[in-house]
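What follows is a short report on a single structure.
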Protein chains: 2
Amino acid sequence: MAKHDPDLSQLFHALADPTRRSILTRLAEEPARVTDLAAPTGLRLPTVMRHLSVLEEAGLISTSKDGRIRTCAVVPEALDPVRTWLDEQRVIWEARLDRLDAFVMNVMKERAE
Amino acid sequence: MAKHDPDLSQLFHALADPTRRSILTRLAEEPARVTDLAAPTGLRLPTVMRHLSVLEEAGLISTSKDGRIRTCAVVPEALDPVRTWLDEQRVIWEARLDRLDAFVMNVMKERAE
DNA sequence: GTGATAGTTAGCATTATGGCTAAGCATGAT
DNA sequence: ATCATGCTTAGCCATAATGCTAACTATCAC
């Protein structure tokens with residue numbers, strides 16, 4: 001009931017931080033270097049590095065180093081498990097709504113009798 | 001780029017815990033009492049209570065007390081901001097893909113000349 | 001009223017998170 | 001060779017998160 005989607009926890013956790021979400025949004029526009037990502041956050045480099053590694057470990061971004069410059073880019077399909085989970089939730093919920101509907105209809109029918 | 005959606009952080013954080021997700025999934029089937037929610041988790045009541053208040057503060061569930069029994073139920077529209085954020089990300093990403101596409105097409109056209 | 005049941009509150013221990021500084025290590029430019 | 005740049009590592013601090021136990025309150029059933 002918990003163990004079989006460890007990455008979902010990791011994903012949600014990575015997304016739970018506004019700084020990380022803003023980095024993601026920025027990277028969705030175009031790949032960027034670590035320093036450029038750090039600038040708008042007002043945070044120090046090591047702090048941003050940590051955010052980046054959280055994002056990378058969650059699979060949300062990929063990075064590569066060329067010379068002394070590390071370039072980061074989003075991994076768009078990384079959000080798929082999140083979407084899938086949300087959709088599953090919706091399906092279950094709607095099934096429940098349907099049952100509720102049926103229940104209400106039943107009650108109304110009984111009342112009418 | 002961070003302050004104006006505090007609930008998004010709260011939502012993602014609430015969803016980042018497997019126990020809380022399993023509670024949500026269970027509640028999506030049908031409303032339940034605190035004790036019934038606690039049972040399958042193997043956790044103590046106070047611990048589960050804390051998870052429930054995290055979920056409630058994030059707006060993901062609502063609870064009400066009747067006599068000594070507290071009943072919890074999901075709030076389905078609570079996930080909407082999450083969906084919206086995901087969709088926005090996808091839009092930005094796709095715009096970027098389109099630009100990349102245009103770029104590639106351009107290069108190919110130039111080569112052909 | 002006694003006792004079981006359902007939840008709540010208080011407080012504690014452990015670990016994780018998010019920020020920092022200081023110092024280190026490559027690489028690129030001169 | 002020297003220096004600036006860009007990233008990295010190590011280590012510290014404060015706070016928040018997750019679990020627990022123990023004790024307490026409020027209801028319901030007899």
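Below, chains carry the letters A, B, ... as their sequence lines are ordered, and counting in each starts from 1. Bear in mind the structure is a predicted one, so any value in this text is a computation, not a measurement.
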Specify the closest pair of heavy atoms between [X] and [Y], including all atoms of both residues, with the distance to one decimal.
X        : Y        : value
Ala16(B) : Pro18(B) : O-CD, 3.8 Å
Thr19(A) : Asp17(A) : N-OD1, 2.7 Å
Leu43(A) : Thr47(A) : CD1-CG2, 4.1 Å
Phe12(A) : Leu15(B) : CD1-O, 3.3 Å

Any residue of residues 47-57 of chain B with a heavy atom less than 4.0 Å from an atom of DNA chain C: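 Met49(B), in order of number.
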
Whole-Å distance between [N] [atom2] and [X] [atom1]?
X        : N       : atom1 : atom2 : answer
Leu45(B) : dC20(D) : CG    : P     : 10 Å
Ile69(B) : dG7(C)  : CD1   : P     : 6 Å
Asp17(B) : dA16(C) : CG    : C1'   : 13 Å
Phe12(A) : dA17(D) : CZ    : P     : 18 Å

Could you pull out every donor-acceptor pair under 3.5 Å between side chains of residues 53-60 of chain A and any protein atom, sequence neighbours left out?
from: Ser53(A); atom 1: OG; to: Met49(A); atom 2: O; distance (Å): 3.4
from: Ser53(A); atom 1: OG; to: Arg50(A); atom 2: O; distance (Å): 2.9
from: Glu56(A); atom 1: OE2; to: Thr63(A); atom 2: OG1; distance (Å): 3.3

Among dT18(D), dA6(C), dT21(D), which is the nearest nucleotide to the side chain of Arg44(B)?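 The listed nucleotide nearest to Arg44(B)'s side chain is dT21(D).
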
side-chain hydrogen bond (donor to acceptor under 3.5 Å, both in side chains) against His13(A), all qualifying residues, sequence neighbours excluded: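 By the side-chain hydrogen bond (donor to acceptor under 3.5 Å, both in side chains) rule, His13(A) matches no residue at all.
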
The criterion is side-chain hydrogen bond (donor to acceptor under 3.5 Å, both in side chains); which residues satisfy it with Arg44(B), sequence neighbours excluded?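 Partners of Arg44(B) under the side-chain hydrogen bond (donor to acceptor under 3.5 Å, both in side chains) test: none.
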
I'd like to check the salt bridge (charged side-chain N to carboxylate O under 4.0 Å, His left out) partners of Arg90(B); sequence neighbours left out, ordered by chain and number.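 Once residues adjacent in sequence are excluded, the partners of Arg90(B) under the salt bridge (charged side-chain N to carboxylate O under 4.0 Å, His left out) criterion are Asp87(B).
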
Applying salt bridge (charged side-chain N to carboxylate O under 4.0 Å, His left out), can you list everything that pairs with Arg33(B), at least two apart in sequence or on another chain?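 Salt bridge (charged side-chain N to carboxylate O under 4.0 Å, His left out) list for Arg33(B), sorted by chain: Asp36(B).
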
Can you tabulate the close N/O pairs, meaning under 3.5 Å, that link protein atoms to atoms of nucleotides 13-16 of chain D?
none

Strand DNA chain C as a dot-bracket string - pairs counted if Watson-Crick or G-U with both distances under 3.5 Å, | where the partner lies in another strand: ||||||||||||||||||||||||||||||

DNA chain C: Arg70(B) or Leu43(A), which has the more 5' nearest nucleotide?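 Its nearest nucleotide being more 5', the pick is Arg70(B).
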
Quick one: does Arg70(A)'s side chain have a donor or acceptor within less than 3.5 Å of a partner on Val34(A)'s backbone?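 Not at all, since once roles are kept as given, no pair shorter than 3.5 Å links the two residues.
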
Just how far is it from atom CG of Leu8(B) to atom CZ of Arg21(A), taken to the nearest 0.5 Å?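 The CZ atom of Arg21(A) is 4.5 Å from CG of Leu8(B), to the nearest 0.5 Å.
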
Are there any protein N/O atoms within less than 3.5 Å of an N/O atom in nucleotides 23-27 of chain C, and if so, which ones and at what distance?
from: dT27(C); atom 1: O2; to: Arg68(A); atom 2: NH1; distance (Å): 3.1

Residue pair Val82(B) / Trp85(A), side-chain heavy-atom distance below 4.5 Å: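 No; the side chains remain at least 4.5 Å from each other.
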
Just to verify, what does Ser62(A) make a side-chain contact (heavy atoms from CB on, under 4.5 Å) with, not counting sequence neighbours?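 Counting only residues at least two positions away or on another chain, Ser62(A) forms a side-chain contact (heavy atoms from CB on, under 4.5 Å) with Ala73(A), Val75(A).
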
